[in-house]
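Okay, structure first, notes after.
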Amino acid sequence: MEKYNPEIIERKWQKYWAKNPDNFSAKDESGQEKAFILDMFPYPSGTGLHVGHVESYTATDIYSRYLRMNGKNVLHPQGFDAFGLPAENYAIKTGIHPKETISNAVEVFKRQINSLGFSYDWSREVNSSDPKYYKWTQWLFLLFYKNGLAYKKKAKVNWCPKCQTVLANEQAENGKCERCESEVIQKDLEQWFFKITDFVEDKGKTSGLLSGLEKIDWPNSTKSLQKNWIGKSVGAQFKMQIENTDKFIEVYTTRIDTVFGMTYAVVAPEHEIVASLLKVESRKSKVKREIQNLKIENSDEIGKYVEASKKKTDLDRMEAKEKTGVEIKGIKVINPFNGEALSLFVADYVLSQYGTGAVMAVPAHDERDFEFAKKYNLEIKEVISGDKKDKEILTDDGILINSTEYNNLESGEAREKLTAWLEEKKIGQRKINYKLRDWLVSRQRYWGAPIPIIYCEKCGEVPVPEKDLPVELPDDVDFKPTGESPLKYSKKFQEVKCPKCGGEAKRESDTMDTFVCSSWYYLRYADSKNEKEFASKEKLEKWLPVDLYVGGAEHSVLHLLYARFFTKVLHNLGYLNFDEPFLKLRHQGTILAEDGTKMSKSKGNVVNPDDVVKEFGADALRIFEMFMGPLEDMKPWQTKGIVGVYRFLEKTWKMQTRINDQETGDSKLNNLIHKTIKKVGKDIEEMRFNTAISALMILANEMEKQEKIQITNYQLLITLLSPFAPHLAEELWEKLGHSESIFKEEWPTYDPEMIKDEEIELIIQINGKVRDKIIVSADISEDEAKTIVLEREKVKSYILGREIRKIIFVKGRLINIVF
RNA sequence: GCCUUGGUGGCGGAAUUGGUAUACGCGCUAGUCUUAGGAACUAGUUCCCGCAAGGGAUUGAGAGUUCGAGUCUCUCCCAAGGCACCA
């Protein structure tokens, strides 16, 4: 027998599978039950495949192979998320066109993916930078546009003054530019948005982004991340009159129950009232009637404060250790509940973008207000009683005090009643606020899908007609960052005739956020070559939604939220018959370096899958990554650990010399085999691959002990192993004389009769402690067990004349004598 | 601060969901084989006391429920990830 040589075996079977794609292709015409098993398509980075990719791809590969062997019609495709910044930044540095960079990287990725024996259906491959793909990204943009879900407005964007460019939020983390580390500033520019906020709550028959979470099988943590991101809060919004005027400021609060504790109010520096008051002061001729009686005593001071706040970056405002603010001297606002006239402050701890940009301040029950009140010596009035624990103030709900007729109410009840009062008096109402903002989708960048809009001097904003799609990216552009999209400098691209009037017009030069491309790619796999639609309705109905989706937890919010949004829009517009794209989602946990830190190029502790494949083979790498621990856990790489799974594979390989085709019928081994069939199947379904592998190891160890290995048993072992180590399984299968691929085999079934134990080890406990064990028939009755156990010398010596209070008997498991 | 997930041998991790804690693998120890090293195989390996038989302790800490708790309840500590002046 030749040595186990994964290099030769693996190359051989990879070739075979490439020549017989039918083995793994999804059958559009088949009547078998479908299963759509999906990996998040990778960004083809220049550094190649990472062990993290291998982890998730192995998981879905095992699952897909298992389902196929169980007679399912499996759609398991792969593609590339090929637009994006790294390739463009690389082009700026080297002058090499992103197209070239990406196509090289895609080649490397495909080579690596194939070297691991993944059973993808490559006939459905997508690449988001391919005009045949982004034609439909653009088509979807126009669909959104026509339905009022894509719109343009002025917005603050991240701007790096050194690189002279707009940055995506992900590139401006912590307020610093990803590339040059300089401070990012906020700039007002015209930007495109998608109305994702329209889909937070249910819309017609389409479930909302919040309620939809209830019906999908996703990790709890991911659901709660999305909920947090959406940030729904239920409160009340009400008007406070400015004393001696008929003008109001409106505030939002979730704690209307604390309203009698309000001792002042605060507006954000950007609040319109501030600007209008200052205007009154500076241009007396244009005094508005309603505030003509007001005299602001410190308008200079306020003006300075507002100016200073405007100059601060978001980062500064967030990091400010102490709260600052200025009282607007000369005006008072009235608390409508008790008529008290209160001071009004401008302070930048109040956010202009959230709620109304103005708040009621209750220092006794809100930490921020408390901090501010202490600093400026403002009144602190308690109106809720309850347990403060070890804090200075009570911020939890409690019982109302000092609140007129609302005294003694519990916070929750009080909120209902106080809100009802506001509604009755028509000065306020219940109000729901969200943290989620509309999705800014335009990027002043080259390497993305162009936004299909044309600006005509006569007709204004004109969508590119469907027949003119795709709007292709020109190749001849200068990548140097200028602060505007590089597309602006391609005349060929920019200058265009207006589709409406035929006059001179200009194309939109911005491209779309890459997250737009990845928000719908899973739909394209159903019908990836369709040139008439993004996918036919029939095929969408056949294959979607995705039954299992696996990918990194870093996409918990953005990609997964956007993809859900797209699905909901398309459902709402009648293109899809489902409103959640991914029924079941799992994340692979991060694989850390051997030292327990994150793998990083700069630390030089990155494990390259190619090296591992070369040394131990793809099967060993696959099994090792699955064996390291639960799929979702973060776990450190241990090079030495691979040796263990390699030994296991080698052991299985060597067994082929000891097979025997005579039936010997070892009932103990048969029992183990059937238990293993059951366990491996169940574990794969629950994606607990580590314990499935452990069960296979136990079976292999047991078979190894046999002098002769029965051929039927050996075949079973190989079949159970095949989804995990496909190359080895194919090779051994062929050696056993089979001419067809092992993946044409049916998954073995277990016989429930065979997994029943005839004898069990009954645990004998005395006062809950294990004191003895005894082999008995599995169906021993309580009485029989008692009789036998109480006769045992060891048990007798423990009892020693003491009175037995009771005896607990758990059938097939244990007996516990209590005294 | 809030949300989420965790905390089990020297290490990665198991535990039929309330019933033998430490499966499987790594490592380590001893042995067989080998000129040697390695590989392979066999046996052992939670910790403490003991030559052994045996006994005791043990799932981050503490309490509770129970005949019985890694698992359920409460309080606290620690770690990772996310959100974060969102009123």
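- Comparing the C1' positions of B:C67 and B:C48 gives an interatomic distance of 28 Å, to the nearest angstrom.
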Strictly under 3.5 Å: I want the nitrogen or oxygen pairs between protein and nucleotides 56-59 of chain B, one per line.
| unit_1 | atom_1 | unit_2 | atom_2 | d |
| --- | --- | --- | --- | --- |
| B:G56 | OP1 | A:R771 | NH2 | 3.4 |
| B:G56 | OP2 | A:R771 | NH1 | 3.0 |
| B:A57 | OP2 | A:K769 | NZ | 2.9 |

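- Listed by chain and residue number, nothing satisfies the ring-ring contact (aromatic ring centres under 6.0 Å, His included) test with A:F724 (two or more places apart in sequence, or in another chain).
- A:Y349 has no side-chain polar atom (N or O) that falls below the 4.0 Å cut-off from OP1 or OP2 of B:A87.
- Between A:Y349 and the choices A:F372, A:F370, A:Y354, the ring-ring contact (aromatic ring centres under 6.0 Å, His included) rule is met once, by A:F372.
- Just one of A:E371, A:K374, A:E367 meets the side-chain contact (heavy atoms from CB on, under 4.5 Å) condition when paired with A:E392; it is A:K374.
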Give me, pair by pair, the N or O atoms of the protein and of nucleotides 3-6 of chain B that are less than 3.5 Å apart, along with how far apart they are.
| unit_1 | atom_1 | unit_2 | atom_2 | d |
| --- | --- | --- | --- | --- |
| B:C3 | O2' | A:S224 | OG | 3.3 |

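- Only the P atoms considered, B:U71 is 9 Å distant from B:U59, to the nearest whole Å.
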For nucleotides 72-77 of chain B, print each protein N/O atom paired with a nucleotide N/O atom at under 3.5 Å, atom names and distance only.
none

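- Side-chain nitrogen and oxygen atoms of A:S233 include at least one within less than 4.0 Å of the OP1 or OP2 phosphate oxygen of B:A87.
- Residues in residues 770-780 of chain A take part in these salt bridge (Lys or Arg N to Asp or Glu O under 4.0 Å) pairs, two or more places apart or across chains: A:D772-A:R792.
- Of the candidate nucleotides B:A23, B:C67, B:U16, B:U16 has the atom lying nearest to any side-chain atom of A:R813.
- Taking every heavy atom of residues 679-692 of chain A and every atom of RNA chain B, pairs under 4.0 Å involve A:R688, A:N690, A:T691, by number.
- Residues satisfying the ring-ring contact (aromatic ring centres under 6.0 Å, His included) criterion with A:W637, sequence neighbours excluded, are A:F624.
- At a threshold of 4.0 angstrom between heavy atoms, the contacts of A:I698 are confined to the sugar-phosphate backbone, with no base atom among them.
- Partners of A:D751 according to the salt bridge (Lys or Arg N to Asp or Glu O under 4.0 Å) rule, which considers only residues two or more places apart in sequence or in another chain, do not exist here.
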Interface polar pairs with nucleotides 41-47 of chain B, N/O, under 3.5 angstrom:
none

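- Counting only residues at least two apart or in different chains, salt bridge (Lys or Arg N to Asp or Glu O under 4.0 Å) contacts with residues 673-684 of chain A comprise A:K675-A:D757, A:K679-A:D683, A:D683-A:R688.
- Between A:Y264 and A:F345, the distance separating the two ring centers is shorter than 6.0 angstrom.
- If you check B:G12, B:G19, B:A87 against the side chain of A:V810, the one that comes closest is B:G19.
- Interface residues of residues 629-636 of chain A facing RNA chain B, ordered by number: A:P630, A:M634, A:K635; criterion, heavy-atom separation under 4.0 Å.
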Distances for protein N or O near nucleotides 8-11 of chain B N or O, under 3.5 Å:
| unit_1 | atom_1 | unit_2 | atom_2 | d |
| --- | --- | --- | --- | --- |
| B:C11 | O2' | A:Q638 | NE2 | 3.2 |

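- Judged by distance alone, the side chains of A:E250 and A:Q237 do bring a donor and an acceptor atom under 3.5 Å apart.
- Side-chain contact annotation: A:S781 with A:E784, donor-acceptor N/O pair under 3.5 Å present.
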